[in-house]
Amino acid sequence: MKILVTGGAGYIGSIVVEQLVKEGEEVIVFDNLYQGHRAAVHPDAVFVEGDLADRAAVEAVFDRHRPEAIMHFASYTLVGESMEKPFLYLGQNVTNGLNLLQSAVAHNVRRFILSSTANLFDDPERMPIDEAERIVPGSPYGESKYILERFLYWLDKTQGFRYAALRYFNAAGASAERGEDHAPELHLIPIVLQVALGQRDKVIIFGDDYPTRDGTCVRDYIHVIDLAQAHILALNALDRGSRTYNLGNGQGFTIREVINTARQITGHPIPAEVGPRRPGDPATLIASSDKIRRELGWEPQYPELRDIIESAWQWHQAHPQGYEE
Ligand code: UDP
């Protein structure tokens with residue numbers, strides 16, 4: 001199948017592209033390289049540099065490459081930044097997504113995978129969080145993803161769209177060749193590993209007064225290759241109907257547990273200091289992925305935090321400056 005992957009030069013997108021290419025799919029990557037890296041794009045994928053805000057550029061990709069399915073990763077993705085720049089997130093993330101959807105409809109492409117988020121669950125009533133949990137977006141970022149989910153819902157009803165919305169919890173880890181490289185880096189595991197590499201003095205723990213087993217936030221870390229596999233299963237299931245899944249390991253780890261595991265793996269003391277809470281952080285986020293396990297037979301290959309951090313450590317050691325070298 002010919003698959004258009006927006007944001008295919010980014011962390012998750014590039015690893016999904018790698019897995020799609022391995023499965024023998026034809027991939028066209030569309031990315032503006034704002035956060036993505038040209039070097040992250042698998043050499044067997046076609047690369048088109050362009051911006052989803054540019055309607056003509058989006059149309060040109062459909063005209064020229066005739067995709068049969070779309071995976072949409074390209075997005076501004078920072079929860080904290082979205083609190084400061086609501087127009088960028090509720091504006092740009094939504095209008096860029098709509099440009100893509102309009103072209104998809106115009107070109108009769110009706111298979112669509114949306115990368116959505118756990119940031120829809122700011123005030124969960126049950127833990128782990130399943131798909132029946134009520135939606136409370138935690139930020140303009142989360143809201144922008146929810147708006148696109150709703151668009152897809154109505155395009156299913158009115159245009160025969162078949163979509164899967166995959167709500168990721170904390171994507172982490174690396175493949176042998178591709179890993180996490182953001183500038184600035186704000187995510188816990190790469191920051192912890194940058195300390196182990198001697199690139200930072202310490203990690204700041206954002207608050208230790210949460211109602212959790214050691215006072216630090218609990219998150220559900222899912223290996224990015226397992227996430228990629230879920231995309232492929234979801235794509236292959238679209239002909240049986242649209243679907244929405246929460247994606248995590250179903251197990252939560254505190255920040256201190258992450259740091260301790262990284263200490264064991266790297267052999268580095270990784271100094272840590274407690275700082276203030278980061279606004280907008282819920283205490284605990286753990287996914288129930290029972291639905292995708294049951295319906296699609298998804299089974300994580302790397303459920304252990306140790307293996308997830310180990311794979312990231314291998315990649316960061318091999319690419320200490322990320323993709324910049
Ligand atoms: N975190 C931290 N120090 C850092 C970066 C993150 O204590 O330098 C915490 C953050 O507050 C959250 C957890 O680590 O509780 C995971 O954060 P990350 O940004 O990696 O992912 P998020 O949960 O925000 O998607």
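Residues take their numbers from the sequence shown, with the count starting at 1. Whatever order the structure lists them in is the order used to number ligands and atoms, beginning at 1. Note that the structure is predicted; figures quoted are calculated from it, not measured.
The distance from ligand 1 to the heavy atoms of I191 drops below 4.0 Å at these ligand atoms: 8 (O). Close approach of ligand 1 to I255 (heavy-atom distance below 4.0 Å) involves ligand atoms 7 (O), 9 (C), 14 (O), 15 (O). Using a 4.0 Å cut-off to heavy atoms of I204, the atoms of ligand 1 that qualify are 2 (C), 3 (N), 4 (C), 7 (O), 8 (O). Those atoms of ligand 1 with a heavy atom of L186 less than 4.0 angstrom away are 5 (C), 19 (O). Close approach of ligand 1 to I205 is summarised as follows: ligand atoms under 4.0 Å from at least one heavy atom of the residue are 7 (O).
The pair R277-D281 fails the salt-bridge criterion, with no side-chain N (NZ, NE, NH1 or NH2) lying under 4.0 Å from an Asp/Glu carboxylate O. Ion pairing between R178 and E18 holds under the 4.0 Å rule for side-chain N and carboxylate O. A salt bridge links E125 and R134; the closest N-O separation between the charged side-chain nitrogens and carboxylate oxygens is under 4.0 Å.
Here Y141 has no heavy atoms under 4.0 Å from ligand 1, in either its backbone or its side chain. With a 4.0 Å cut-off on non-hydrogen atoms, I189 does not touch ligand 1 at all. The part of N170 lying near ligand 1 is the side chain, judged by heavy-atom distances below 4.0 Å. With a 4.0 Å cut-off on non-hydrogen atoms, R278 touches ligand 1 through its side chain and not its backbone. Contact annotation for L188 and ligand 1: heavy atoms of both the backbone and the side chain come within less than 4.0 Å of the ligand.
Residue, atom and distance of the protein heavy atom nearest to atom 18 (P) of ligand 1 are H187 ND1, 3.8 Å. Nearest protein heavy-atom contact of atom 1 (N) of ligand 1 is F206 CD1, 3.5 Å. Closest to atom 15 (O) of ligand 1 among all protein heavy atoms lies C217 CB, 3.1 Å. Ranking protein heavy atoms by distance to atom 11 (O) of ligand 1, first place goes to D281 OD2, 2.4 Å.
In this structure, V79 does not count as a contact residue of ligand 1, since none of its heavy atoms falls inside 4.0 Å of the ligand. Within the 4.0 Å heavy-atom shell around ligand 1 one finds Y221.
In this structure, CZ in F253 is found 8.5 Å from CG in D220, a value given to the nearest 0.5 Å. The line from OG of S139 to CG of N119 is 3.5 Å long, rounded to the nearest 0.5 Å.
Aromatic ring centres of Y163 and W154: separated by at least 6.0 Å. When ring centroids are compared, Y34 and Y76 come within the 6.0 Å threshold. If you look at F30 and H65, their ring centroids are not closer than 6.0 Å.
Relative orientation of the H182 and Y11 rings is perpendicular, given thresholds of 30° and 60° on the angle between their planes. Ring orientation note: the planes of Y141 and Y89 are nearly perpendicular, at an angle over 60° on the 30°/60° scale.
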